[in-house]
Amino acid sequence: MGTIRRVSDQITVRIPASTPHVGLLRATASALAALLDFTYDQISDLHLAIDEVCGRILATSNPRPSRLDVTFHVGDDALSVEACGDTPIRQGEEFFTTFSKAILDAVTQGTALSESDGVVCASFRLVKG
Amino acid sequence: MRLTSHDRHPQLPKDEVKRLLRELRETGSPAIRATLIESHHGLVEYLARRFAGRGEPLDDLIQVATIGLAKAVDRFDPDREVEFSTYATPTIVGELKRHFRDKGWAVRVPRRLQELNLRLGSVVSQLSQDLQRSPTIGEIAAAAGASEDEVLEALDSSHAYSLISLDATQSEEGLSYHEQIGSDDEAMEALEDRLSVGPLLRKIPPRERRMLHLRFFKGMTQSEIAQELGISQMHVSRLLAKTLAQLRAGLEDEGES
């Protein structure tokens with residue numbers, strides 16, 4: 001594959017918040033991870049992490065988001081992913097459950113949450129193994 | 001009721017099937033129902049195989065087909081002039097088709113990719129062994145004699161089905177038809193108690209639970225788990241994605257009720 005890769009490379013994918021479109025996120029993630037020479041194990045983990053954060057956004061937002069914006073930051077040896085819905089998180093809702101935290105801790109290096117106007121963005125980072 | 005493909009059950013004569021169906025109608029006996037379901041395992045497996053090769057493990061298809069069979073057993077009217085197997089076949093096929101539809105399997109995967117995907121399973125396993133680590137896409141492509149794009153496409157297609165709905169509610173059956181199992185794994189039990197998914201975890205088949213435990217709580221890699229369980233890494237990857245999707249859907253159901 002190509003070698004055009006800079007620290008500043010950033011790709012945003014905006015999808016309707018529905019199942020068939022999430023495949024596009026996976027495909028994009030796989031392609032970018034392959035650029036970084038991630039292993040097959042890590043690419044599988046990447047998919048799990050994307051599923052998890054997108055799933056949490058859908059589960060905790062109210063009303064249900066109409067779209068998801070997912071931004072991939074391609075570094076020299078790491079891929080960072082930030083996913084945002086377009087509706088606020090439900091009042092008093094914990095974004096990460098203990099279980100989803102366990103999943104993300106196992107497959108990523110560092111998760112973070114940011115919030116503006118009640119809309120939550122969840123991000124995580126995978127470093128090339 | 002066991003729902004695996006490994007059991008072999010004797011087929012009953014047609015008259016006996018009719019008699020049992022009548023008796024079931026009168027008594028509602030779970031034992032008779034189980035006997036009827038088990039004795040049609042051959043039909044279930046035959047029909048499930050017709051849907052194999054679309055990215056779903058045969059075991060899963062057999063489970064889905066068994067649900068269809070159970071529905072047919074429950075709905076069949078023994079007074080009808082039709083053989084039970086004739087009646088059951090469209091019900092089972094319907095259940096299998098619904099399964100693929102529910103999983104968002106909107107796009108049929110081209111044969112070329114299906115074939116490559118099948119080949120990749122063993123290529124990934126072999127490379128993992130040779131390299132003593134998980135291979136990169138570039139390494140897989142070189143070994144498979146395909147381009148990196150083709151490999152990515154094939155791998156993504158293998159996941160297409162497991163992407164169960166972020167939004168859809170996975171049918172309750174999806175979890176509940178699995179055997180309820182007693183846990184002898186203390187760590188897992190302690191874990192379940194701490195988690196919101198605890199009650200759902202108990203409904204997951206033992207192998208899948210073990211996988212979750214090894215990957216997310218023991219920190220083993222997918223390749224290591226594949227070795228430990230004696231299955232391919234691709235299968236581990238698929239099962240993990242699928243199980244998590246089921247748990248998510250199950251939690252959502254609970255939240256709504």
Side-chain angles (χ1 to χ4, degrees), chain A residues 1-2 15-60 62 64-65 68 85 90 93-94 96-107 128-129, chain B residues 103-104 106-107 120 124 127-128 131 133-141 147-149 151-153 155-157 159-160 162-168 191 194-198 201 212 215-224 226 233-234 236-238 240-241 244-245 247-249 251-252 255:
Chain A
M1 287 198 129
I15 59 163
S18 73
T19 312
H21 300 100
V22 178
L24 296 173
L25 295 178
R26 281 174 171 252
T28 307
S30 308
L32 292 173
L35 269 180
L36 291 176
D37 272 339
F38 274 34
T39 64
Y40 179 61
D41 263 6
Q42 282 194 300
I43 294 176
S44 306
D45 284 345
L46 178 60
H47 287 164
L48 295 181
I50 288 175
D51 283 358
E52 192 56 35
V53 293
C54 292
R56 289 313 295 160
I57 288 173
L58 293 181
T60 58
N62 189 31
R64 200 183 172 75
L68 293 171
R90 209 176 286 124
E93 180 91 40
E94 199 78 51
F96 288 122
T97 61
T98 323
F99 191 58
S100 59
K101 197 82 183 80
I103 294 169
L104 290 165
D105 285 349
V107 302
K128 188 172 149 184
Chain B
K103 302 248 159 127
V107 189
L120 289 184
V124 171
L127 278 176
S128 304
L131 301 167
R133 60 166 171 79
S134 177
T136 64
I137 299 300
E139 288 162 346
I140 298 171
S147 73
E148 291 193 14
D149 284 341
V151 169
L152 285 170
E153 229 182 314
L155 290 177
D156 283 337
S157 73
H159 280 286
S162 62
L163 235 191
I164 311 179
S165 55
L166 288 170
D167 56 349
L191 170 81
R194 294 205 326 264
L195 300 174
S196 47
V197 288
L201 273 181
L212 291 180
R215 180 67 195 94
F216 302 124
F217 298 93
K218 290 270 187 196
M220 282 172 71
T221 66
Q222 295 193 16
S223 297
E224 287 164 352
Q233 196 275 348
M234 281 173 75
V236 171
S237 163
R238 274 192 280 247
L240 278 176
L244 290 179
L247 287 174
R248 267 193 293 274
L251 275 182
E252 224 171 275

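Chain A is the first sequence line, chain B the second, and so forth, proteins listed ahead of strands; every chain is numbered from 1. Keep in mind the model is a prediction, meaning the values are calculated, not measured.
- Here NE2 of His47(A) is found 13.5 Å from CG of Leu240(B). Values are rounded to the nearest 0.5 Å.
- The candidate with the highest count of non-hydrogen atom pairs below 4.5 Å against chain B, out of Asp45(A), Leu104(A), Thr39(A), is Thr39(A).
- Nearest heavy atom pair, residue Arg215(B) against residue Ala106(A), reads NH2-O, 3.3 Å.
- In this structure, Leu152(B) CG and Thr28(A) OG1 are separated by 11.0 Å, a value rounded to the nearest 0.5 Å.
- The choice from Ala226(B), Pro135(B), Gly219(B), Ser147(B) that makes the most heavy-atom pairs within less than 4.5 Å of chain A is Pro135(B).
- For Glu93(A), the side-chain contact (heavy atoms from CB on, under 4.5 Å) partners at least two apart in sequence or on another chain are Arg56(A), Thr60(A), Ile89(A), Arg90(A).
- Ring geometry for Phe99(A) versus Phe216(B): interplanar angle over 60°, hence perpendicular rather than tilted (30 to 60°).
- For a residue to count as touching a neighbouring chain, one of its non-hydrogen atoms must lie under 4.5 Å from one of that chain's; by this rule Ile140(B) touches chain A with the side chain only.
- Contacts between Ile57(A) and chain B at a heavy-atom distance below 4.5 Å are absent for every atom of the residue.
- Applying the side-chain contact (heavy atoms from CB on, under 4.5 Å) criterion to Thr221(B), with sequence neighbours excluded, gives Asp41(A), Ser223(B), Glu224(B).
- Put simply, the side chain of Gln233(B) reaches to within 4.5 Å of the side chain of Ser44(A), judged on heavy atoms.
- Two residues are said to be in side-chain contact when any heavy atoms from C-beta on lie closer than 4.5 Å; Tyr40(A) and Met234(B) meet this criterion.
- The CG atom of Asp51(A) sits 8.0 Å away from the CG atom of Leu244(B) when rounded to the nearest 0.5 Å.
- To the nearest 0.5 Å, atoms CG (Leu35(A)) and CD (Glu148(B)) are separated by 8.5 Å.
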